[in-house]
Amino acid sequence: MDIKAIIQKLYDTNDASREELLYLLDNIDDDSKKFLIDKAYKTRYKYFKNTVFMRGLIEISSYCKKDCLYCGLRRSNKNAQRYRLDVDDIVECAKRGDELGYKTIVLQGGEDAFYTDEKMIQIIKAIKKELPNNALTLSIGERSYDSYKKLYEAGADRFLLRHESATKSLYESIHNNESFEERIRCLRNLKEIGFQAGAGFMVGLPNQTNEDLVNDLRFIKELEPAMCGIGPFIPHKDTPLRDCSAGTIEKTVILLAITRLLLPKVLLPATTALSSIDSNGRNEGLRAGANVIMPNLSPMSVRKKYSLYNNKAFILDEDAEYRDSIEEKLKEAGFELVVSRGDNPDFI
Ligand code: 5AD
Ligand code: SF4
């Protein structure tokens, strides 16, 4: 097999077989990596030019009933500092975000029983009443079909639920034997209900092989999510994976670029985790096909308590308040920040 021919095929057809993707991941070198990133950037340019969509992230709760082995918010972590935000705090943050130009708000939190359907409907309606033209994204984990449907009907537009890993055995080994099938069912339900649904996975998980990453790539190609969150695994000191090594920026960027080629119109964030492992992570992600950033809008008082992994970027770049400096830095890197909802082109 010829590696550049595989990349060219990905560019021309937005597809490649399992064998080709594995060959690509196993054999990529500096020269072919440049070629891949160039093709990913061209593809991004076709649909989005050099624009970057921005979302304001509000971390609504650090309580979680799950026990994912990699995450600092896991319920067994007795050192975690827990907090939750109620309707008024959340609406206030969302309004501040709107003033700063964030026309999509993302509410993210652990799986916290405090946020019943009734509570979430109350929050969604309160935000939509204040900001009817803005998009609202939820990232609050697994729920029943009926629950998702109620949240959609209340006005939520999008839902992020990373699949984390498309290899059942790897998925279950890092999720305390939670059901892989249930996770996938949730994602399919979200799509069916009409959400712009977001899948996604971590790169560099302990024991993750290139075969596993090919499973992730083939899975997203088949699911065709509107969004896809990809970031490096980063160990957290209060979890069982504390001594494992983190995913690398190089590998994450390669996966971002291949994802852009497989799903040319996908909304693809340069994630905070990527910025956290490398100060140039955001720009490298954007150059490899990412087109979304999600700076933090959470109240200052809770920022340090929402700790999924260690060394999270608390730099200005990840703080929604510093919109102007974010915009300036993006401009220097050749990108243009746009103030809009930033929907997936297939949903407009
Ligand atoms: N390293 C990297 N990403 C993590 N996430 C949770 N814990 C970690 C970690 N230790 C990611 C998961 C989750 C998202 C909200 O954050 O992929 O879906
Ligand atoms: Fe909870 Fe999400 Fe962390 Fe898992 S990854 S422990 S579901 S907050």
Side-chain angles (χ1 to χ4, degrees), residues 55 57-84 106-115 137-143 158-166 170-180 182-184 186-187 190 197-206 208 212-213 216 220 225 227-249 251-252 255 269-278 281 285 294 296 298 302 305-313 318:
R55 286 68 169 98
L57 179 68
I58 307 176
E59 295 154 333
I60 63 173
S61 174
S62 67
Y63 285 88
C64 191
K65 65 174 189 217
K66 290 246 166 102
D67 221 12
C68 308
L69 267 68
Y70 47 85
C71 177
L73 301 186
R74 65 201 302 268
R75 66 158 188 268
S76 310
N77 180 10
K78 300 290 176 265
N79 294 333
Q81 299 183 60
R82 310 287 178 177
Y83 73 90
R84 54 172 69 99
V106 182
L107 305 184
Q108 184 174 87
E111 294 195 15
D112 178 356
F114 176 79
Y115 298 89
T137 305
L138 303 178
S139 176
I140 52 172
E142 294 177 30
R143 300 170 86 101
R158 309 188 189 129
F159 203 108
L160 303 170
L161 185 77
R162 290 189 181 178
H163 64 280
E164 312 296 0
S165 168
L170 178 58
Y171 179 91
E172 292 182 350
S173 73
I174 57 173
H175 292 96
N176 218 20
N177 292 319
E178 299 271 353
S179 160
F180 171 68
E182 184 55 31
R183 186 76 170 185
I184 303 305
C186 283
L187 266 168
L190 288 164
F201 53 97
M202 283 176 279
V203 177
L205 284 165
Q208 185 184 49
D212 296 321
L213 290 166
D216 290 317
I220 58 166
M227 311 172 280
C228 188
I230 301 173
F233 159 72
I234 305 174
H236 186 292
K237 65 178 176 28
D238 297 319
T239 67
L241 305 184
R242 63 180 68 86
D243 295 325
C244 300
S245 37
T248 65
I249 179 169
K251 191 86 176 205
T252 307
L255 272 300
T271 53
T272 303
L274 189 58
S275 297
S276 299
I277 55 165
D278 191 302
M294 299 171 69
N296 199 324
S298 304
V302 306
K305 299 180 186 166
Y306 196 82
S307 173
L308 304 175
Y309 44 82
N310 289 129
N311 307 318
K312 181 171 166 183
E318 294 292 335

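Atoms within each ligand, like the ligands themselves, are counted from 1 in listed order. It should be emphasised that the depicted structure is a prediction, and the values quoted were computed from it without experimental measurement.
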_Using only atom types and a distance under 3.5 Å, with no angle test, would you say the side chain of R158 pairs donor to acceptor with the backbone of T137?_
no
*Among all protein non-hydrogen atoms, which one is nearest to atom 15 (C) of ligand 1, and what is the separation to 0.1 Å?*
Q108 NE2, 3.7 Å
_Proximal ligand 2 atoms for G110, defined as those under 4.0 Å from one of its heavy atoms_ = 8 (S)
_For atom 17 (O) of ligand 1, the protein heavy atom that lies nearest, with its residue and separation_ = E164 OE1, 2.6 Å
_Between E111 and Y63, is the side-chain hydrogen bond (donor to acceptor under 3.5 Å, both in side chains) condition met? List the steps._
CA-CA 7 Å; E111 294 195 15; Y63 285 88; over 6 Å; no
*Grab the two heavy atoms, one from F233 and one from C244, that are nearest each other, plus how far apart they are.*
CE2-CB, 4.0 Å
*For this output row, return yes or no: ring centroids of Y70 and H236 closer than 6.0 angstrom.*
no
*How many angstroms lie between atom OH of Y83 and atom OG of S62, to the nearest 0.5 angstrom?*
5.5 Å
*Heavy-atom contacts with R74 under 4.0 Å: which atoms of ligand 2 show up? List them by number with element.*
6 (S)
*Do me a favour and list the nearest non-hydrogen protein atom to atom 9 (C) of ligand 1 with residue, atom name and distance?*
I234 O, 3.4 Å
*asked:* Among all protein heavy atoms in this structure, tell me which lies nearest to atom 7 (N) of ligand 1, with the distance rounded to 0.1 Å.
replied: Y70 CD1, 3.2 Å
*Quick check: does C68 have an N/O/S atom under 2.8 Å of atom 1 (Fe) of ligand 2?*
no
*Select one of side chain, backbone, both or neither to describe which atoms of P232 lie under 4.0 Å from any atom of ligand 1, heavy atoms only.*
backbone
_Is it the case that the side chains of Q108 and Y306 hold a donor-acceptor pair, with the cut-off being a distance below 3.5 Å and no angle test?_
yes
_For K65, is there an ion pair with D112 - N to carboxylate O distance below 4.0 angstrom?_
no
*From atom 2 (Fe) of ligand 2, is the closest protein heavy-atom distance below 4.0 Å?*
no
*With atoms numbered from 1 as shown, which atoms in ligand 2 lie under 4.0 angstrom from a non-hydrogen atom of C64?*
1 (Fe), 6 (S), 7 (S), 8 (S)
*Test item, M202 contacting ligand 1 (heavy atom, 4.0 angstrom)*: yes
*Is S139 in contact with ligand 1, taking contact as a heavy-atom separation below 4.0 Å?*
no
*When you measure from the side chain of D278 to the backbone N and O of I249, does any donor-acceptor pair fall under 3.5 Å?*
no
_R183 and its side-chain hydrogen bond (donor to acceptor under 3.5 Å, both in side chains) partner, picked from E142, H175, E178_ = E142
*For ligand 1, which atoms sit closer than 4.0 Å to a heavy atom of F233?*
1 (N), 2 (C)
*asked:* Within the 4.0 Å heavy-atom shell around C71, which atoms of ligand 2 are there?
replied: 3 (Fe), 5 (S), 6 (S), 8 (S)
_Could you check whether N311 and S276, counting side-chain N and O atoms only, form a donor-acceptor pair closer than 3.5 Å?_
no
*Considering heavy atoms of the protein only, find what lies nearest to atom 11 (C) of ligand 1 and give residue, atom and distance to 0.1 Å.*
R162 NH1, 3.7 Å
_Protein contact to atom 16 (O) of ligand 1 [nearest heavy atom, distance to 0.1 Å]_ = L308 CD1, 3.4 Å
